[in-house]
Protein chains: 2
Amino acid sequence: MAERVTLQTIADRVGVSRATVSYAFSRPDQLSEELRARILRVAGELGYAGPNPTARSLRLGRAGALGLIFTETLPYAFADPYSIGFLQGLAVAAEEAAVGLLILQQPPGVQRPEIVRNAVVDAFCVFSLPDGHATLDAVLARRLPTVFVDEPYVPGLPFIGIDELAAAGEVVRHVVDLGHRRLGLALVGLHQDGRHGWADLRRQRSAEYEAMRTRVEGYRVAGEQAGVDWASVPVYEVAGNARESGREAGRALLARDPRPTAILCNTDVMALGVLDAAAEAGLKVPEDLSVVGFSDSGAEEADLTTIRQPKQLIGQTAGRMLLSGLPPEPERLILPHELIVRGSTARAPLPS
Amino acid sequence: MAERVTLQTIADRVGVSRATVSYAFSRPDQLSEELRARILRVAGELGYAGPNPTARSLRLGRAGALGLIFTETLPYAFADPYSIGFLQGLAVAAEEAAVGLLILQQPPGVQRPEIVRNAVVDAFCVFSLPDGHATLDAVLARRLPTVFVDEPYVPGLPFIGIDELAAAGEVVRHVVDLGHRRLGLALVGLHQDGRHGWADLRRQRSAEYEAMRTRVEGYRVAGEQAGVDWASVPVYEVAGNARESGREAGRALLARDPRPTAILCNTDVMALGVLDAAAEAGLKVPEDLSVVGFSDSGAEEADLTTIRQPKQLIGQTAGRMLLSGLPPEPERLILPHELIVRGSTARAPLPS
DNA sequence: GGTTCCTCCTTAATCAATTAAGACCTTAAT
DNA sequence: ATTAAGGTCTTAATTGATTAAGGAGGAACC
């Protein structure tokens with residue numbers, strides 16, 4: 001029907017130049033009060049929607065948005081308390097800078113580099129990208145300020161995360177100090193192939209998610225330093241970070257003979273599932289079995305020993321870095337973690 | 001340092017027209033393989049970031065993003081399972097259409113209409129907006145396809161939600177059928193003023209959040225139909241949808257004399273807090289006290305009777321409507337809810 | 001009376017692309 | 001030989017704004 005209303009439409013109708021109309025919206029001091037009122041009145045009559053944001057962005061050279069790249073579909077990402085915590089932190093920074101947060105999903109399987117190529121943003125935050133993902137190149141090609149969170153760490157590119165190796169080591173030393181020698185691992189998110197089952201050393205080392213791979217490596221190194229024969233430690237891997245997956249892993253581990261006295265998990269959600277499996281098997285935690293999580297997301301209510309990862313702080317720091325106006329430092333920024341000892345770990349039961 | 005690299009830079013360097021370079025990126029069939037290879041090579045050498053998305057958006061007239069307006073800060077919104085479920089649904093639709101999701105926070109207190117004015121999006125989804133919020137005008141001024149979710153319903157504008165009045169009525173009839181006559185209400189999100197305390201009838205009726213107001217009205221109407229003297233029903237309101245708030249409300253309600261035998265909550269998170277308060281007071285649920293939630297978010301694990309609100313479906317439907325290319329129907333779309341009876345409600349205890 | 005200053009508005013360049021239509025050349029068909 | 005048809009590239013209009021620089025006119029000052 002009616003053709004598009006632009007600044008020019010209004011200018012023609014009022015009988016002034018386009019520039020004047022622009023000033024009426026953005027710089028009231030540049031024209032008389034009377035003319036400005038007339039322009040705004042006509043704009044209202046014509047149903048003008050205000051200066052077109054896309055055209056504005058083009059002219060001003062800023063998009064007013066921060067791009068967040070998830071490699072999971074959102075339904076999955078938002079099922080994870082860790083992701084949500086991170087997102088909350090990022091959102092704080094976005095709000096401070098009065099920019100929007102453009103969420104870009106790179107669903108696993110289908111490659112959609114055009115989503116990254118076409119994103120109208122001023123900066124990118126890349127969240128937990130597996131090794132060799134095509135998105136890496138697509139993002140770097142945009143040559144915008146970019147920060148990688150948790151994984152991967154690419155030397156020379158800005159990165160924020162925790163010291164996964166040290167954190168995992170603390171977990172192992174904690175249970176070893178409590179006398180545990182028969183450990184079991186319940187791990188999620190090592191590979192993209194969706195496999196559930198036992199993961200041998202080769203599979204542990206070839207994990208595609210760097211943070212998880214490092215975490216596992218940290219368990220191993222600390223375990224071997226404490227004299228644990230790592231080749232004999234059962235490792236059960238699952239694909240989705242869900243309580244039900246943790247239960248499955250817990251069942252498998254608890255069915256082993258000898259049964260582990262401590263099960264280490266690489267997320268809290270997994271640990272909750274392991275607790276379920278322990279309850280099913282009639283095992284008391286921590287008397288019969290110690291369980292450790294990772295991330296401190298929802299772990300408090302379950303009285304779970306875990307590593308506290310400053311998820312909000314990570315998000316906020318990433319956001320502030322990107323929105324400060326300065327190019328982000330191309331360095332590896334390590335934020336502090338903390339072992340939180342709660343009621344899910346105790347001295348190992350005496351060998352029966 | 002080096003000035004910006006655009007299509008023109010490459011065109012000049014290769015010695016062709018800008019159009020040719022554009023075709024090299026977007027329509028390979030429009031030029032010879034050999035020239036295209038040369039153009040791409042030069043583009044690579046110059047560090048060209050690919051066709052500028054903003055310019056592209058302007059020319060093509062599409063932004064490639066769906067704007068989601070939250071009136072809470074994200075940290076708060078993401079603390080609520082209902083919001084997350086809705087977001088998941090919306091994200092499914094966004095992924096289907098291969099567009100991004102631009103999250104626009106309109107924090108309470110500060111008015112930031114410019115965030116809405118400057119958002120580079122093709123459509124808006126407005127989530128749970130309180131009455132009289134300035135964002136309403138800012139969004140309508142953009143004249144983009146827009147859907148309102150949950151509240152407010154503005155006749156003539158597209159809306160998606162459930163039949164709050166009927167749902168609340170079902171809750172009341174459920175407990176009344178179980179013999180309860182002494183009800184108590186623990187409500188969150190009626191007003192923006194942050195008050196915690198008893199809410200009289202006037203305050204109930206003046207709630208600024210339409211969905212919550214309607215929900216309360218539904219409780220009242222069904223209660224009075226069942227012969228409950230509504231003026232004597234204690235209503236405790238809190239500001240933040242947190243378990244701790246629910247606990248506070250629960251404590252207050254359970255300290256009343258006579259003590260309610262059934263407490264109705266307008267969110268599940270509140271109900272969880274009421275369960276905490278009941279446990280503190282040494283009351284058994286459901287023997288001594290029946291508790292009902294709302295939304296079915298995290299209610300299953302707590303074995304909570306609640307209303308199931310199809311949150312994912314609401315999000316998905318909203319997203320599909322907006323991204324279908326057709327203008328959304330300016331109608332009130334009511335999706336089905338369901339009363340889920342679980343173990344938190346039982347027959348009223350005999351008067352002691 | 002001339003200069004200066006201020007207010008109010010216009011001119012025109014600029015941001016970085018897309019794409020229909022047309023030009024030019026080569027090859028094939030009649 | 002003439003026409004037609006492709007293939008390859010260019011021309012130029014278009015998308016909707018922002019803003020530095022400049023001009024016209026009137027008031028104030030010396």
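Side chains included, hydrogens not; waters and symmetry mates left out as well; all remaining heavy atoms used. Numbers restart at 1 for each chain; the letters A, B, ... are given by sequence-line order, proteins then strands.
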Within residues 42-58 of chain B, find the residues that approach DNA chain C with a heavy atom at under 4.0 Å, and present them sorted by residue number. B:Tyr48, B:Gly50, B:Pro51, B:Asn52, B:Ala55, B:Arg56
Please state how far atom CZ in A:Arg38 lies from atom P in C:dC8, giving the value in whole angstrom units. 14 Å
When the C1' atoms of the five terminal pairs at each end define the local axes, what inter-axis angle does the helix from C:dG1-D:dC30 to C:dT30-D:dA1 show, to 10 degrees? 50°
Whole angstrom value for the distance that separates P of C:dA17 from CZ of B:Phe25: 9 Å
Give me the ring orientation class for A:Phe127 and A:Phe86: parallel if the planes are under 30° apart, tilted from 30 to 60°, perpendicular past 60°. parallel
Heavy atoms from other residues, nucleotides or ligands near CZ of B:Arg13 exceed 12 (cutoff 6.0 Å): no
Shortest non-hydrogen separation from A:Ile162 to A:Pro310 and the atoms involved: CG2-CD, 3.8 Å
Mind listing the closest non-hydrogen atom pair of B:Thr71 and B:Pro130 along with its distance? OG1-CD, 3.8 Å
Quickly work out the A:Leu60 CG to C:dA16 P distance and round it to whole Å. 12 Å
Do the side-chain N and O atoms of B:Thr54 and B:Ser57 include a donor-acceptor pair separated by under 3.5 angstrom? no
Just to be sure I understand the rule, does B:Ser22 reach a base, reach only the sugar-phosphate, or reach nothing, if contact means heavy atoms closer than 4.0 Å? base
Find the distance A:Arg27:CZ to D:dT19:P and express it as a whole number of Å. 6 Å
Over all heavy atoms of both residues, which pair between B:Arg142 and A:Pro53 is shortest? Give the atoms and the distance, please. NH2-CG, 3.3 Å
When you check the side-chain N and O atoms of A:Ser128 and A:Glu151, is any donor under 3.5 Å from an acceptor? yes
Return the value, rounded to whole Å, for the distance between atom CZ of A:Arg117 and atom C1' of C:dA16. 17 Å
Where A:Val120 and B:Ala63 come nearest, the two heavy atoms and their spacing: CG2-O, 4.4 Å
To check you understand the geometry: which heavy-atom pair defines the closest contact between B:Leu101 and B:Leu87, and what is its length? CD2-CD1, 4.1 Å
Taking A:Glu95 for its side chain and B:Gln105 for its backbone only, find out whether a donor-acceptor pair lies under 3.5 Å. no
Could you give the CG-to-C1' distance, from B:Leu7 to C:dT18, as a whole number of Å? 9 Å
In B/S/- notation, 5' to 3', how is nucleotides 4-13 of chain D contacted by protein heavy atoms closer than 4.0 Å? ----SBBB-B
Qualifying residue for side chain to side chain contact (heavy atoms under 4.5 Å, CB included) with A:Val21, from A:Ile39, A:Asp12, A:Leu40: A:Ile39
